[in-house]
Novice: 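Before I ask anything, here is the structure I am working with.
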Amino acid sequence: MILVVNSGSSSIKFKLFAIKKNVPIAILDGLAERIGVDGFLKIEFNGEKHQFNQKMSNHNEAIQFILKQFEELKVIKDKKDIAAVGFRIVHGGKITEPVVIDKKVFKEIEACVKLAPLHNPGALVAIEAFKIEMPKVKLIASFDTSFHQTMDEETFLYSVPYEWYKKYQVRKFGFHGISYKYITEKYAKMIKKPVGKLNLIICHLGSGASVACVKNGKSIDTTMGFTPLAGLMMGTRSGDIDPSIIQYMVKALNKDVFEITSILNKESGLKGFSEISSDMREIIAEVEKGNKHAVLTLNKYSQNVADFIVKYANRLEGKIDALIFTAGIGENSDTVRKEIINRVNILGLKLNPKENIKRYDDFLKISNKDSKFDIYAIKTNEELMICQETMDLTS
Ligand code: ADP
């Protein structure tokens with residue numbers, strides 16, 4: 001079995017995969033939260049939901065308790081049944097591939113803490129806790145940044161003093177790479193074309209959102225930047241703004257730069273702009289009631305994505321296999337997909353409105369035959385991607 005872990009500073013999301021004839025099958029998933037506060041664990045196994053109020057003072061205690069529940073629920077006989085643990089790590093700096101976590105890799109992830117102070121520390125404490133709990137088990141790291149390490153300098157450098165890059169690593173990294181890799185490989189399998197021959201524009205629209213431009217199977221550009229704050233309007237993040245707004249609002253609100261940056265991360269985007277919710281479902285519900293500001297929010301969101309699609313189509317010189325929508329909004333909202341496609345005016349896209357509203361399990365083709373290129377909604381599966389990467393490095 002392989003355990004996939006996505007750990008934050010006070011939570012651990014996990015999914016357990018059984019490997020049958022080299023094929024991973026998800027058998028259990030769960031979430032430990034409020035670690036260090038009080039502690040709450042949810043596990044879903046065999047269609048049943050289990051909940052535990054359990055004090056978990058730190059990640060070690062959380063992991064001990066999670067593994068104990070695996071045994072009590074008879075998912076595993078003992079810890080030895082878990083052959084490897086794969087970690088989702090947001091920032092891997094210049095690491096281009098998934099890796100076995102040894103001392104050197106651990107140090108590299110540690111070195112990335114200054115680049116991703118909100119994300120990497122949670123992963124590091126979880127890795128340390130697993131090292132103590134399961135010292136013999138191989139630990140693997142998959143990074144959200146790796147997929148974008150193929151961007152060229154012209155794309156990943158900012159027009160700031162070059163020294164900021166040389167001395168302080170100020171550059172575009174890009175994120176959601178695990179999802180983009182999954183979608184690229186999935187699409188290659190779906191249409192039976194080698195990954196290396198695929199040109200795709202992929203819109204990962206979840207609570208965090210970005211678009212990636214994939215040429216010959218490799219990322220050549222993406223909308224997120226040095227941090228996940230850049231690019232599109234998101235659930236609570238602003239996306240691109242004029243950086244001068246920060247100093248202006250520092251003065252206007254009498255707050256410091258950190259507080260304003262926190263507002264840009266947590267109180268902006270759909271939530272701050274709509275004054276309704278960070279959840280697109282609630283905004284669409286208001287649109288349906290005729291709320292004009294909700295309509296403005298949806299229009300702004302859709303135009304923003306459409307503009308990047310056109311930009312990336314230009315980067316691909318119009319040679320595009322497919323436009324793909326994924327993640328919470330991209331997978332589920334026919335309304336948002338329609339609004340975005342309606343705003344892509346110069347690429348000859350033709351949406352099939354009947355297909356667009358259909359329910360589906362895995363993927364859905366939503367373009368008409370006369371569309372210049374295909375449009376799909378595909379369900380992403382980051383945990384499965386991490387599991388596969390973990391298998392590749394442990395078998
Ligand atoms: P995360 O980045 O947290 O993994 P997800 O990819 O799960 O996010 O996306 C979560 C978001 O997807 C929700 O905040 C919600 O706005 C949106 N979403 C989910 N289902 C729908 C739907 N049917 N219509 C519109 N938006 C949806």
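For ligands, and for the atoms within them, numbers begin at 1 and follow the listed sequence.
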Novice: Could you check whether Phe363 and Tyr187 have their ring centres less than 6.0 Å apart?
Specialist: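 No - the distance between ring centres of Tyr187 and Phe363 does not fall below the 6.0 Å cut-off.
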
Novice: Check contact between Gly235 and ligand 1, using heavy atoms of the residue and a distance below 4.0 angstrom.
Specialist: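 Gly235: no contact with ligand 1 (<4.0 Å).
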
Novice: Check Arg281 with Asp279, please: is the shortest side-chain N to carboxylate O separation under 4.0 Å?
Specialist: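 Result for this pair is yes, salt bridge flagged.
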
Novice: Could you check atom 9 (O) of ligand 1 against the protein and tell me its nearest heavy-atom contact, residue, atom and distance included?
Specialist: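 It is Gly328 CA, 3.3 Å.
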
Novice: Is the terminal nitrogen or CZ of Lys114 (NZ for Lys, CZ for Arg) located under 6.0 angstrom from the six-membered ring centre of Tyr168 and within 45° of that ring's axis?
Specialist: no

Novice: Where is the nearest protein heavy atom to atom 2 (O) of ligand 1: which residue, which atom, and how far?
Specialist: Ser207 OG, 2.9 Å

Novice: Does any N or O atom in Leu205 lie less than 3.5 angstrom from one in ligand 1, N or O only?
Specialist: no

Novice: Does the Lys NZ or Arg CZ of Arg34 fall within the cation-pi geometry relative to Phe40 - under 6.0 Å from the ring centre and within 45° of the axis?
Specialist: no

Novice: For Gly208, take its heavy atoms, then give the atoms of ligand 1 lying under 4.0 Å from any of them.
Specialist: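 Ligand 1 atoms under the 4.0 Å threshold to Gly208: 2 (O).
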
Novice: Does the N or O separation between Asp279 and ligand 1 drop below 3.5 Å for any pair?
Specialist: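 Yes, at least one N or O pair falls under 3.5 Å.
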
Novice: Between the candidates Glu331, Arg281, His176, which shows the shortest non-hydrogen contact distance to atom 27 (C) of ligand 1?
Specialist: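 Considering heavy atoms of Glu331, Arg281, His176, the nearest to atom 27 (C) of ligand 1 sits in Arg281.
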
Novice: Would you say the ring centroid of Phe130 lies under 6.0 angstrom from that of Phe87?
Specialist: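 Between Phe87 and Phe130, which both carry aromatic rings, the centre distance is below 6.0 Å.
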
Novice: For Gln303 and Asp307, test the side chains for any donor-to-acceptor distance below 3.5 angstrom and give the result as yes or no.
Specialist: yes

Novice: Please state which protein non-hydrogen atom is closest to atom 23 (N) of ligand 1 and give its distance, to 0.1 Å?
Specialist: Asn332 CB, 3.3 Å

Novice: Which of the numbered atoms in ligand 1 are under 4.0 angstrom from any heavy atom belonging to Ala327?
Specialist: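 Those of ligand 1 that fall under 4.0 Å from Ala327 are 6 (O).
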
Novice: Ring centres under 6.0 Å, that's the criterion: do His148 and Tyr180 meet it?
Specialist: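 His148 vs Tyr180: aromatic centres under 6.0 Å.
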
